[in-house]
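Both backbone and side-chain heavy atoms feed into the values below; hydrogens, waters and symmetry mates do not. Each chain gets a letter, A, B and so on, in the order its sequence line appears, and its residues count up from 1.
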Amino acid sequence: MSELKKGPLFITNTITRQKEEFKPLNPPHVGLYVCGPTVYSDVHLGNVRSFTTFDVLYRWLTFLGYKVRYVRNITDVGHLVDDVDAGEDKIAKRARLEQLEPMEIVQKYTNGFHDVMRLFNLKDPSIEPTATAHLIEQIGMVDRILKNGYAYEANGSVYFDVPKYAEKFAYGELSGRKIDELIANTRDTEGMEEKRSPLDFAIWKRADAHHLMKWPSPWGEGFPGWHLECSAMSTKYLGPTFDIHGGGMDLKFPHHECEIAQSVAADGIAPVRYWMHGNMLTVNGRKMAKSEGNGFTPEELITGNHKLLEKGYSAMTVRFFMLQCHYASTLDFSNEAMQASEKGLDRMMKAIDLLPKLKPGAADEADIVALEQRCHGAMNDDLNTPVMIAELFEGVRIINSVNDGKLALTAASIERLKSLFFSMVNDVLGIRMEEGPADQAKDDKALEGLVREFIRMRAEAKAQRDFAASDAIRDKLSAVGIILKDSKEGTTWERA
RNA sequence: GGUCACGUGGCCGAGUGGCUAGGCACAGCUCUGCAAAAGCUGCUACAGCGGUUCGACUCCGCUCGUGACCUCCA
């Protein structure tokens, strides 16, 4: 058993805009923080793409042997509908609309989120902290920022003093923004009188008497600002500086920019060493977003019950479709592309099914070790899943050729190929193999026996060269969704 | 308006200063009684215009087009 060439891993650090070698702070431990959902509505496919990106990152780091502490939060308070005037909380607003207690909303959509994560085979994070369970930490952080002079209290709210911070630190370095331009581009809005600068953002917000979600604080009853929870919880579980912070591109500004500012202002140290941002899922060239009305839920996707969908697609097909595109590129959803992925995945799964049946030969006519190294190399090159999948299709060709007796592989190479596919497809890409479209009904004993009997009858007809009868059997089975395939070794069947 | 991306063959999508991405579709061939599957082969592209270079799809500039962020968003 030769040593696998697994390293080094390069990832694009969005704060430097460069591909950098990943070196954890305290190897073999890796701290990974990913911005989770705000649980006030159903997640849509665009959200799934983002979480899938970091799921694969988590899986790959684990595969490389790192001990990853993966923190993905649930935002259950503090996410303002409008930061400027009313300051109503998204969850509170939803609660009012649905006439539910805010925590009912949180529970409902948290459950829904978890269902979707399971459906798409996303691994659970090591810690899934909620904002409401970390009020103490958040208040503590506000306090530190105040004490350090980077925030001010106004009328029961506390605002982060961006211009003051920018005197000493590089506010805007992540998103590439310049503070003068930001000020120049600010629109006049209502209710800004409390803020000294339009760029300032709330880290603690006073709650009115009728406000549903509020907690006592040194500044009165209120609730934490949106950006604060991630800073407070990442600091608590991963330390003041940790390895990787991930999220969607659309969180870069202002959310992640504010996170950096908060951590630096509170603890005097940059919180994150590698920032990673996943790109958007688009539909007809436009970002999938609730406001566009072009999003569909995973349920609609699977049933095909949506005007943009010609048919339903399985969760694993969707996952495969997403991974055929690099995470940093936009990915455009279309029925044509989905069907291409569905067929490609199907072909791959059928090849995987053949793996245990391959007959070893005396020599190797394909280099499995090299294939393996190319797979690993693709992943180490900024998680290039599309290239890795392309390599796997090379493996598919090899498997089929060996199966056809056109290519020889030794028993050892077959074993290696088997474990390569298992680790890359199942462990790293997170495609559940048993759910391959290939054979869902194979464990149905009665059906298997029935089809076998038809195959036997058809073989008899064929032996007597009664092709009309044999074709009739095949056609009728085909009409009920059973496809027969003849080969030298006999006839096999599968579901259409 | 400001900032930043992107524009690849019929479709989706990688990548690189000179050498085949891959998937799907299509065509031909092999196999087969026929079909399906599988394999082989073919179709061979990098928005436009300039520039740098021995050589650019890959670097630079401009033009056109598209998108994202600047307000909540994965």
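For the side chain to side chain contact (heavy atoms under 4.5 Å, CB included) test, residues two or more places apart in sequence or in another chain that qualify with V318(A) are L45(A), F120(A), L301(A), Y313(A), M322(A), M338(A). Residues passing the side chain to side chain contact (heavy atoms under 4.5 Å, CB included) test with A408(A), sequence neighbours excluded: E365(A). Qualifying side-chain hydrogen bond (donor to acceptor under 3.5 Å, both in side chains) partners for N111(A), counting only residues two or more places apart in sequence or in other chains: Q107(A).
For the OP1/OP2 pair of G67(B) and a distance below 4.0 Å, the side-chain nitrogens and oxygens of K287(A) include no atom meeting the criterion. Side-chain nitrogen and oxygen atoms of T492(A) include none within less than 4.0 Å of the OP1 or OP2 phosphate oxygen of A37(B). Listed pair K178(A) / C70(B) fails the phosphate criterion, with no side-chain N or O lying under 4.0 Å from OP1 or OP2. For the OP1/OP2 pair of G2(B) and a distance below 4.0 Å, the side-chain nitrogens and oxygens of R177(A) include no atom meeting the criterion. Phosphate proximity of A68(B) to N279(A): absent, as no side-chain N or O sits under 4.0 Å from OP1 or OP2.
Nearest to the side chain of A337(A), among A14(B), C12(B), G33(B), sits C12(B). If you check A21(B), G23(B), C70(B) against the side chain of P254(A), the one that comes closest is C70(B). Listed nucleotides G13(B), A74(B), A14(B) differ in distance to S329(A); the shortest reach to its side chain belongs to A14(B). Among the nucleotides A74(B), C34(B), A21(B), the one closest to the side chain of R458(A) is C34(B). Nearest nucleotide to the K485(A) side chain, out of A36(B), A74(B), G13(B): A36(B). For E181(A), the side-chain atoms get nearest to U3(B) when compared with the rest of A21(B), U3(B), A74(B).
Judged by centroid separation below 5.5 Å and plane tilt below 30°, F467(A) stacks onto the base of G33(B).
Nucleic acid contact for L392(A): none, since no nucleic acid atom lies under 4.0 Å from a heavy atom of the residue.
Comment: E342(A) does not engage R347(A) in a salt bridge, judged by the lack of any side-chain N to carboxylate O separation of less than 4.0 angstrom. Looking at D55(A) and R59(A), a side-chain N of the basic residue comes within less than 4.0 Å of a carboxylate O on the acidic one, giving a salt bridge. A salt bridge between E494(A) and K350(A) is present, with a side-chain N of the basic residue lying under 4.0 Å from a carboxylate O of the acidic one. Taking the charged nitrogens against the carboxylate oxygens, E181(A) and R177(A) have no contact shorter than 4.0 Å, which rules out a salt bridge.
For the pair F320(A) CZ and A14(B) P, the interatomic distance rounds to 14 Å; values are reported in whole Å.
Residues H277(A) and H256(A) place their aromatic rings such that the two centres sit under 6.0 Å apart.
Remark: R72(A) fails to qualify as a cation-pi partner of Y33(A) under the 6.0 Å distance and 45° angle criteria applied to the six-membered ring.
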Given the rule that a pair is Watson-Crick or G-U wobble with both distances under 3.5 Å, how would you write RNA chain B in dot-bracket, using | for pairs to a different strand?
(((((((..(((.....[...))).(((((.......)))))....(((((..]....))))))))))))....

Can you give one letter per nucleotide of nucleotides 38-43 of chain B, 5' to 3': B if a protein heavy atom sits under 4.0 Å from the base, S if only from the sugar-phosphate, - if neither?
SSS---

Just distance, no hydrogens or angles: give the donor-acceptor pairs under 3.5 Å from side chains in residues 278-286 of chain A, sequence neighbours left out.
from    : atom 1 : to      : atom 2 : distance (Å)
T282(A) : OG1    : L331(A) : O      : 3.2
T282(A) : OG1    : D332(A) : OD1    : 2.7

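Each of R17(A) and E394(A) was matched to the nucleotide of RNA chain B holding its nearest heavy atom; the match closer to the 5' end belongs to R17(A).
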